Amino acid sequence: MAIKRDYYEILGVPRDASDEEIKRAFRRAAQRNHPDIDTSAGAEERFKELNEAYRVLSDRQRRTAYDMFGHAGVDGASGGGFEGFGGGFGPFGDIFDAFFGGAPAGTRGRRRVVAGADLRYDLTIDFAEAIAGVTKTVTFPTLVTCDVCGGSGGEPGTEPETCPECNGSGERRRVSQTILGQMVNIVACPRCNGEGRIIATPCHHCRGDGRVRQERTLQVTVPAGIDSGQRIALEGQGESGPRGGPPGDLYVVVTVREHPELIRRGTELYFELPVTFPQAALGASVPIPTVEGSEEIAVPAGTQSGAELRLKGRGVPKLRGSGRGDLHVIVTVVIPEKLGKSERDLLKQLNEVAAPAVLPKGGGPGLFDRLRDIFN
Ligand SMILES: [Zn+2]
Ligand SMILES: [Zn+2]
């Protein structure tokens with residue numbers, strides 16, 4: 001038998017935690033670790049472990065036995081492990097009781113409800129749509145509630161019958177002798193999944209599942225400022241649950257197409273603006289791309305290569321809060337690699353009258369600034 005982790009440690013509660021604290025801790029952890037949500041490796045094992053810890057600590061008798069004898073106390077009590085797991089209804093029965101305020105494990109006649117699966121939809125939108133926000137129509141295959149039986153899974157006009165296996169109690173009891181005396185272990189009835197009733201005449205349309213496969217179409221509102229990798233959660237828009245169980249959620253995972261010229265980092269936009277030496281020296285009005293389209297920007301006389309011209313509030317809208325980021329225009333003075341004859345003549349003339357080069361004061365990122373950035 002593998003080494004088992006401490007149940008209190010699994011739930012993250014102190015040894016003197018109240019019943020209420022244990023319940024709260026389990027609900028929180030179960031929501032986080034549910035295999036529908038947590039798809040990382042070992043999620044199902046962690047979820048089982050969590051369920052097991054909760055089963056023991058939420059039951060006064062078992063908790064006392066566990067406090068006194070550790071895992072041996074509770075393992076022995078149930079005749080070697082918890083047969084409830086994998087007893088035909090999967091390991092996820094108890095979580096739904098916890099979520100829907102149901103009674104703790106072992107209470108008579110409780111109904112086990114299974115929720116529908118969560119769905120993921122990958123949505124690609126244009127750069128401009130991400131900036132302005134957009135409403136998109138999405139169509140996807142899913143399981144919807146059967147409209148013949150209304151989700152019950154039973155043929156209309158027929159009634160569910162009392163489970164012959166458990167006579168309607170929904171549970172199977174097992175009595176065993178332990179060092180602490182007689183212990184009763186209760187698991188859900190495998191025939192009816194703890195419901196106490198079985199569907200004798202399944203609905204002809206959904207074959208008793210209460211759901212049918214169908215394409216669904218939804219309008220999804222994509223907020224302005226969304227970025228690639230972000231997801232929009234649509235609660236209750238996933239698959240319907242079997243036999244009237246609650247629906248799962250739909251997660252729309254967004255990919256934003258890149259702008260051909262602007263580079264986006266969160267709410268900030270960057271553009272590298274190439275200018276000629278005369279434009280930088282004399283000043284010029286040059287076109288730049290913006291979110292709203294092409295626009296003229298004034299490059300002041302004496303602008304250095306690497307200087308930043310910032311257009312405040314012309315970046316991407318902030319997803320939370322108001323306002324927009326900035327558009328950063330980085331000026332690069334381009335030295336021509338090839339010269340025409342008249343260009344060469346003019347530059348020679350300029351060279352004769354030009355003052356020697358002196359590094360600008362605060363004009364742009366100089367060598368010392370760069371070194372400081374590198375070594376700090
Ligand atoms: Zn049906
Ligand atoms: Zn039964």
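This is a predicted model, so every value here is computed, not measured. Every number for a ligand or one of its atoms is a count from 1 in the order of the listing. Only this structure's heavy atoms are used, side chains among them; waters, hydrogens and symmetry mates stay out.
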What are the protein N/O/S atoms, named by residue and atom, that sit under 2.8 Å from the Zn ion (ligand 1)?
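Those protein N, O or S atoms (cut-off: under 2.8 Å from the Zn ion (ligand 1)) are C146 SG, C149 SG, C203 SG, C206 SG.
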Which of the protein's N, O or S atoms come within less than 2.8 Å of the Zn ion (ligand 2), not counting waters?
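Atoms qualifying: C163 SG, C166 SG, C189 SG, C192 SG.
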Just by modelled atom types, is the [Y] backbone N or O under 3.5 Å from a matching donor or acceptor in the [X] side chain?
X    : Y    : answer
E352 : Q349 : no
Q214 : L143 : no
Y66  : Y7   : yes

Run D59 and R63 through salt bridge (charged side-chain N to carboxylate O under 4.0 Å, His left out) and show every step you take.
CA-CA 6 Å; D59 183 296; R63 186 177 172 184; over 6 Å; no
Salt-bridge present ([X], [Y]; N to O < 4.0 Å):
X    : Y    : result
E129 : K136 : yes
R173 : E171 : yes
E308 : R310 : yes

Answer yes or no: does atom CZ of F277 have more than 12 heavy-atom neighbours from other residues, nucleotides or ligands under 6.0 Å?
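No, the 6.0 Å shell around CZ holds no more than 12 heavy atoms from other groups.
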More than 12 heavy atoms of other residues, nucleotides or ligands under 6.0 Å from CD of E258: yes or no?
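No - once you tally the heavy atoms of other residues, nucleotides and ligands closer than 6.0 Å, there are 12 at most.
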